[in-house]
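Below: the structure, in structure tokens.
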Amino acid sequence: MRKILLPALIIIAGSLLVIRVFYLQIIDDSFKLKSENNAIKKQYDYPERGYIYDRNGKLLVANQASYDIMVIPRDIKEDLNVDEFCTLLNITKEDYEKRIAKAKVYSPRLPSVFLAQLNKSEFAAFQEKIRKFEGFYFQKRSLRDYEVDYGANIFGFITQVSEGLIAKNPYYNSGDLIGKQGVEQSYEEVLRGIKGVKYIQKDKYNREIGSYKNGKYDTIAVAGEDINITIDAELQKYGEELMINKRGGIVAIEPKSGEILALVTAPSYDPGILVGRQRSKNYTLLYHDSIANPLFDRGLLAQYPPGSPFKILTGLVALQEGVINEQTTFMCHHGFSYGRGRFMKCHGFGPHQLHNGIYNSCNTYFAQAYMLTINKYPNPGKAVDVWSDHVKSFGLGQFMGYDLPTGKRGNIPTSKTYKKIYPNGGWRSTTIVSNAIGQGEVLMTPIQLANMMATVANQGYYYTPHIIKKIEGKKIDPKFTTRHETTIDKKYFPPVISGLFDVYNKGTAYALRVEGIDICGKTGTAENYAKINGKREKLKDHSIFVAFAPKDNPKIAIAVMIENGGFGATVAGPIASLMIEKYLRKKITRNDLEIRVLNKSLASEYAKLGGMNAASAIESTPKDSVLKAKIVVPKPAAPKSEIKKTSIDTTKKN
């Protein structure tokens, strides 16, 4: 038996090897297609990218025809008339040589993009004479055609794929286009479709002689899927109009679903400037504008101390922990003394309970409630972790899991935070009391503020904010329909909501009421400092406002952050009221507020941070336009600023 086992194994292994070689060489020649040889040329057919619609079916992003000039360096004839070629394409000889050198580095035998994104008129002149330029051919593609001039931060843009990604992802080749930022990046695989490919056979003279194997391996391009996003186009447009000559972010969410209704960042830009041959130049201008930062999505990335809106959570946590009730009363004497030489100023005076503590935004009330929460536990570290867990259950201090490719987690401190700050211990409730009024170590993004208000509107639960509403023929990720419960019992929300309602009826937002709409809101003000010429200078405060409406069965929750806007009720508050009315009624009755906001310019405040910036070079419409002039920059000479640092003085009321 042993004598025949080894020969048998050798015979079986040899037979399998012969069969496999025969199969690969005679029957299955697909591996030939993978080897880049001179006999077969791949020609790609690029599909139309999926259209993007808003929640109501309004077309936002479509496609337009574009042409890439492709090159195979090895096929270029020595007698090619470079001068005529460059004249036709309006490029210099230096450009020509650089592009050819780059193509050779990629591959002398494989096609790569020589000149991308020619429009029809640019391509027409070249097409007539293309036969004279062997080694060059054209490839038709579709570029984005923006039907609106707003929402650039939502859409993102299309650009050529990087060499690094090509190495990681075999789907992409040199010159392919890919979505970057916004929904174009998040839903790239849905929107891009699937490339088709044709295999063309060549003879020994490198002439095309027909399709390889009669098209056996050819594939047809599959168009990308259309998508509907949750954005209300008219609300988004209106928000960007209100933000002209201002910097900041607006985020609006539908509480019952977590759908993002508006995601405004300012300054912004017309998305159409990042299409075509000028895309690279315009993107460079935007990228290097370090003053206005138009590519920085303030709604998702800007982290601010939330100020007085955070008092909502301070009250809810104190109720949940049982250290206060609706009748608990604290006396306010224009502030709160919490240690030797430590005094937190407040505009309030007299007795305050939860209700008037909210609508008067009393620092004393919420500082006392916070200290009782921390002092409930013998160990301040344990107490802070309990408090932190409650606050984080509102989606704070973490990446929220929304379907946009950028964001910041904010910061909700824990015991670990204070162990690092105070390694020798000794900290207690009085040390960290500024957390009570949204200061201290607390940081939040506008989308987190909006989600916090959506959670309060829902009385204790939220859905992960998201921007996808529908994908043709597919279901959206179930995580966006999963309900997240907070650690706060539902019974504690109504008294807080009642206080927020009276912010409009009796409190700091009284002048911002909209007849017939019951709005619940909260003002906030954040002090703002910058280092200018090596000296710490105080700039105008940031203006913050959060709200939801209607009070019963809420349909919109909103957060507005205006840099250097002043008190919360000065700029951010009017914008919130106008956005709420625009969404619920589709029209505006508070024309006085609208005129005030549209005419409000904070350019002089921003001028303190620097003079003209790069983005102004691509401004395409007059200053008074409310549609395209997203970036309006003042010209006064002012000292250049260093990196800005934002902070809040614990003596500030709102």
On a heavy-atom basis, which atom in [X] and which in [Y] lie closest, and how many Å separate them?
X: Arg279; Y: Thr159; value: NH2-OG1, 3.1 Å
X: Ile72; Y: Pro108; value: CG2-O, 3.7 Å
X: Asp54; Y: Ala233; value: OD2-N, 3.0 Å
X: Lys408; Y: Leu301; value: CG-O, 3.3 Å
X: Tyr106; Y: Ser112; value: CD2-CB, 3.7 Å
X: Leu263; Y: Asn153; value: O-ND2, 3.0 Å

| task | Can you run down the salt bridge (charged side-chain N to carboxylate O under 4.0 Å, His left out) pairs that involve residues 94-108, sequence neighbours left out, and say none if there aren't any? | result | none
| remark: Residue pairs passing the salt bridge (charged side-chain N to carboxylate O under 4.0 Å, His left out) test with at least one member in residues 220-233, sequence neighbours excluded, are Asp232-Lys586
| query | Yes or no on salt bridge (charged side-chain N to carboxylate O under 4.0 Å, His left out) for Glu254 and Arg55, after CA distance, side-chain angles and deciding distance? | reply | CA-CA 12 Å; Glu254 183 180 66; Arg55 66 187 296 108; 3.7 Å; yes
For [Y], is there any backbone N or O sitting under 3.5 Å from a side-chain donor or acceptor partner on [X]?
X: Asn451; Y: Ile447; result: no
X: Asn293; Y: Phe296; result: no
X: His466; Y: Thr464; result: yes
X: Lys195; Y: Thr219; result: no
X: Tyr402; Y: Thr406; result: yes
X: Glu581; Y: Leu578; result: no
X: Ser66; Y: Leu143; result: no

Side-chain heavy-atom pair [X], [Y] within 4.5 angstrom cut-off:
X: Leu80; Y: Glu134; result: no
X: Phe133; Y: Lys77; result: no
X: Ile588; Y: Lys582; result: yes
X: Leu602; Y: Ile562; result: yes
X: Glu259; Y: Phe480; result: no
X: Ile76; Y: Ile100; result: yes

For atom [atom1] of [X], is the number of surrounding heavy atoms from other residues, nucleotides or ligands below 6.0 Å larger than 12?
X: Asn169; atom1: CG; answer: yes
X: Lys140; atom1: NZ; answer: no
X: Tyr287; atom1: OH; answer: no
X: Glu189; atom1: CD; answer: no
X: Leu59; atom1: CG; answer: yes

Any chance the rings of [X] and [Y] have centres within less than 6.0 Å?
X: Phe138; Y: Phe123; answer: yes
X: Phe157; Y: Tyr283; answer: yes
X: Phe85; Y: Phe136; answer: yes

| query | Please walk me through it: do Asn56 and Lys58 pass side chain to side chain contact (heavy atoms under 4.5 Å, CB included)? | reply | CA-CA 6 Å; Asn56 301 311; Lys58 178 181 173 65; 5.6 Å; no
| task | With sequence neighbours excluded, tell me which residues meet salt bridge (Lys or Arg N to Asp or Glu O under 4.0 Å) with Glu84. | result | Lys129, Lys132
| task | Using salt bridge (Lys or Arg N to Asp or Glu O under 4.0 Å) as the criterion, list what pairs up with Asp79, not counting sequence neighbours. | result | none
| Does NZ or CZ of Arg192 fall inside the cone over Tyr46's six-membered ring, less than 6.0 Å from its centre and within 45° of the axis? | no
| message | Test: side-chain hydrogen bond (donor to acceptor under 3.5 Å, both in side chains). Region: residues 179-188. Which pairs qualify, not counting sequence neighbours? | response | Arg49-Glu184, Arg49-Glu188, Arg144-Glu184, Tyr172-Glu188, Tyr187-Asp403
| Yes or no on side chain to side chain contact (heavy atoms under 4.5 Å, CB included) for Ile250 and Ile558, after CA distance, side-chain angles and deciding distance? | CA-CA 7 Å; Ile250 306 172; Ile558 191 167; 3.8 Å; yes
| query | Passes side chain to side chain contact (heavy atoms under 4.5 Å, CB included), Leu89 versus Tyr96? Steps please. | reply | CA-CA 10 Å; Leu89 295 177; Tyr96 173 86; over 6 Å; no
| field | Electrostatic pair Lys93:Asp83 at N-O distance under 4.0 angstrom | value | yes
| message | Could you work out, with side-chain hydrogen bond (donor to acceptor under 3.5 Å, both in side chains) as the rule, every residue matching Tyr238, not counting sequence neighbours? | response | Glu594
